Colleague: 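Pasting a structure here, questions to come.
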Amino acid sequence: MKTYALIDGLRQEYNRYTPEDRKVWTILFERQLKQLQGVADNNYLEGLEKIGFSAGSIPNFRIVNQRLKELTGWEIVVVPGIIDQRNFFEMLSERKFPSSAWLRSMEELDYLSEPDMFHDAFGHMPLLTNKTFCDFFHRIGVIGMNYENSPKHIEMLGRVYWFTIEFGLIQGADRLKIYGAGILSSIGETQFSLGDVPIRLPFDVKEIMNTDFDNTKIQEKYFVIESFDQLLAAVPEMEEHLASV
């Protein structure tokens, strides 16, 4: 039996979005897309087009799911907010992405204490159109379920998720670019991550698993990958290292 059965009945009430919700989406979309020109990974920008997002329309998850099913077999599942790790990894292991359906207010455009739909949709969903990225995402879920009763292993796996899926950078052909959802959906993180202040290190699974982070402030350290193939190829090393501790 699925442990997330209690949230299976949730859905996006699309017709209940208010004029303020639509205004918030438009402002954030236009502002962030402008910031991302030339600095977002091409796979993300292509995914944004494939998934059909635009400034003028809040994403309809029913339509999003139809597109994702055709492209990668993934599905968006509405959740009430931040869910526990066991539910989260179980969903990923079944190729389901948990997403909020609520949008921040006009007074919260620049900062939220927890992810809203703009972060989940604009930040995460475009790359759910990329098969290699999705395969890596799925493997994180599978590994998480293997260690669901081990807080130490879950913490280490959570660090991999944080420094890749949420706050990953990628070396493009001409310059450093962004693929992590936490950066893509944040004007502050976008500007800061590519500046002169933060520490940027080559992707290394073992080092990442032993690197703490603070989710209450702008990141001070980022790990840089060469490609999504590199992420997927690192899965066996991830599994081996987790098995050894």
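As the structure is a computational prediction, the values presented were derived from the model and not from experiment.
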Colleague: Between Trp162 and Phe167, how do the two ring planes meet: parallel, tilted or perpendicular, split at 30° and 60°?
Modeller: tilted

Colleague: Between Gln219 and Lys217 (side chain of the first, backbone of the second, donor and acceptor by atom type, cut-off under 3.5 Å), is there such a pair?
Modeller: yes

Colleague: Are the aromatic rings of Tyr44 and Tyr179 close, with centres under 6.0 Å apart?
Modeller: no

Colleague: Is it the case that the side chains of Thr132 and Asp135 hold a donor-acceptor pair, with the cut-off being a distance below 3.5 Å and no angle test?
Modeller: no

Colleague: Are Pro98 and Met91 side-chain neighbours, meaning at least one heavy-atom pair lies under 4.5 Å?
Modeller: yes

Colleague: Do the side chains of Arg86 and Glu90 get close enough for a salt bridge, i.e. N-O under 4.0 angstrom?
Modeller: yes

Colleague: What residue among Phe163, Phe203, Phe213 forms ring pair (Phe, Tyr, Trp, His ring centres under 6.0 Å) with Phe223?
Modeller: Phe163

Colleague: Show the atom names and distances, to 0.1 Å, of all donor-acceptor pairs under 3.5 Å that link a side chain in residues 116-124 to residues at least two apart or in another chain.
Modeller:
from, atom 1, to, atom 2, distance (Å)
Asp116, OD1, Arg104, NH2, 2.9
Asp116, OD1, Phe118, N, 3.3
Asp116, OD1, His119, N, 3.2
Asp116, OD2, Arg104, N, 3.0
Asp116, OD2, Arg104, NE, 2.9
His119, ND1, Ser185, OG, 2.9
His119, NE2, His124, NE2, 3.3
His119, NE2, Glu166, OE1, 3.4
Asp120, OD2, Ser100, N, 2.9
His124, NE2, Glu166, OE2, 3.0

Colleague: Quick one: does any side-chain atom of Glu148 pair with a main-chain N or O of Gly144 as donor and acceptor, under 3.5 Å?
Modeller: no

Colleague: Please report the closest heavy-atom contact between Ala55 and Trp25, naming both atoms and the distance.
Modeller: O-CD1, 3.4 Å

Colleague: Run the side chain to side chain contact (heavy atoms under 4.5 Å, CB included) check on Asn43 and Phe133 step by step: do they pass?
Modeller: CA-CA 10 Å; Asn43 290 297; Phe133 184 85; over 6 Å; no

Colleague: Using a strict threshold of under 4.0 Å (side-chain N to carboxylate O), is an ion pair present between Arg11 and Glu13?
Modeller: yes

Colleague: Verify whether the ring centers belonging to Phe89 and Tyr161 lie closer than 6.0 Å.
Modeller: no

Colleague: Any side chain to side chain donor-acceptor pair (under 3.5 Å) pairs touching residues 193-204, not counting sequence neighbours?
Modeller: none

Colleague: Check the pair Met125, Ser99 against side chain to side chain contact (heavy atoms under 4.5 Å, CB included), reporting the backbone distance first and the verdict last.
Modeller: CA-CA 9 Å; Met125 294 179 196; Ser99 174; 3.4 Å; yes

Colleague: We want to know whether Gln85 and Tyr147 form a side-chain donor-acceptor pair, criterion being a heavy-atom distance below 3.5 angstrom.
Modeller: no

Colleague: Start with the C-alpha distance between Asp21 and Arg16, add both sets of side-chain angles, then the distance that settles salt bridge (charged side-chain N to carboxylate O under 4.0 Å, His left out), and finish with yes or no.
Modeller: CA-CA 9 Å; Asp21 290 331; Arg16 298 184 65 177; over 6 Å; no

Colleague: Could you tell me whether the side chain of Arg159 and the main chain of Met209 form a donor-acceptor pair under 3.5 Å?
Modeller: yes

Colleague: I'd like to know if Arg31 pairs up with Asp110 as an ion pair, taking the criterion as any Lys NZ or Arg NE/NH1/NH2 lying under 4.0 Å from an Asp or Glu carboxylate oxygen.
Modeller: yes

Colleague: What side-chain donor-acceptor pairs closer than 3.5 Å can you find for residues 228-245, not counting sequence neighbours?
Modeller:
from, atom 1, to, atom 2, distance (Å)
Gln230, OE1, Glu226, N, 2.6
Glu239, OE2, Arg139, NH2, 2.5
Ser244, OG, His241, O, 2.7

Colleague: Donor-acceptor check, side chain of Gln12 to backbone of Asn60, threshold 3.5 angstrom: yes or no?
Modeller: no

Colleague: Return the minimal non-hydrogen interatomic distance between Ile170 and Ser227, and the atom names on each side.
Modeller: CD1-CA, 3.9 Å

